[in-house]
Amino acid sequence: MVKDDIKKANPKEEEPMKIYDKYMYKSQEKIKNIVLIIAVFIIGFITGYASQINTINKLNKDINDLQENNSSVQND
């Protein structure tokens with residue numbers, strides 16, 4: 001009966017997971033989650049930074065175009 005429960009809990013393993021292995025597995029899962037969160041943050045940061053640079057360049061171009069139009073109107 002106990003063996004069947006262990007097989008249901010750990011179908012890939014024949015023996016129950018040792019306490020040390022449980023701690024290792026939990027630590028590994030925590031590290032995976034932390035790395036995933038950091039990777040998502042970095043990707044989002046880079047995307048936001050690139051978007052901000054693109055917006056600033058577009059606004060600078062619009063300002064330059066308006067200044068050129070304004071100077072051409074004043075010269076006429």
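The shown structure was predicted, so the numbers you read here are calculated from the model rather than taken from an experiment.
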Q: For the pair K26 and E29, find out whether any cationic side-chain nitrogen is under 4.0 Å from an anionic carboxylate oxygen.
A: no
d(N64 CG, N69 CG) to nearest 0.5 Å is 11.0 Å
Interatomic distance, OH@Y49 vs CG@N54, rounded to 0.5 Å, equals 13.0 Å
Interatomic distance, CD1@I56 vs CD1@I63, rounded to 0.5 Å, equals 10.5 Å
Rounding to 0.5 Å, atoms CG (N60) and CG (D65) come to a distance of 11.0 Å
Say whether, by atom type as modelled, one donor and one acceptor occur between the side chain of S51 and the main chain of T47 under 3.5 angstrom.
no
When rounded to the nearest 0.5 Å, the distance separating CD1 of I37 from CD1 of I42 is 12.0 Å
- request: Evaluate the side-chain proximity of K30 to N33: yes if any heavy-atom separation is below 4.5 Å, no if none is.
  value: no
Note to self: Quick check: is L36 connected to F45 through a chain of hydrophobic side chains (ILVMFWY, heavy atoms under 4.5 Å apart)?
What the structure shows: no
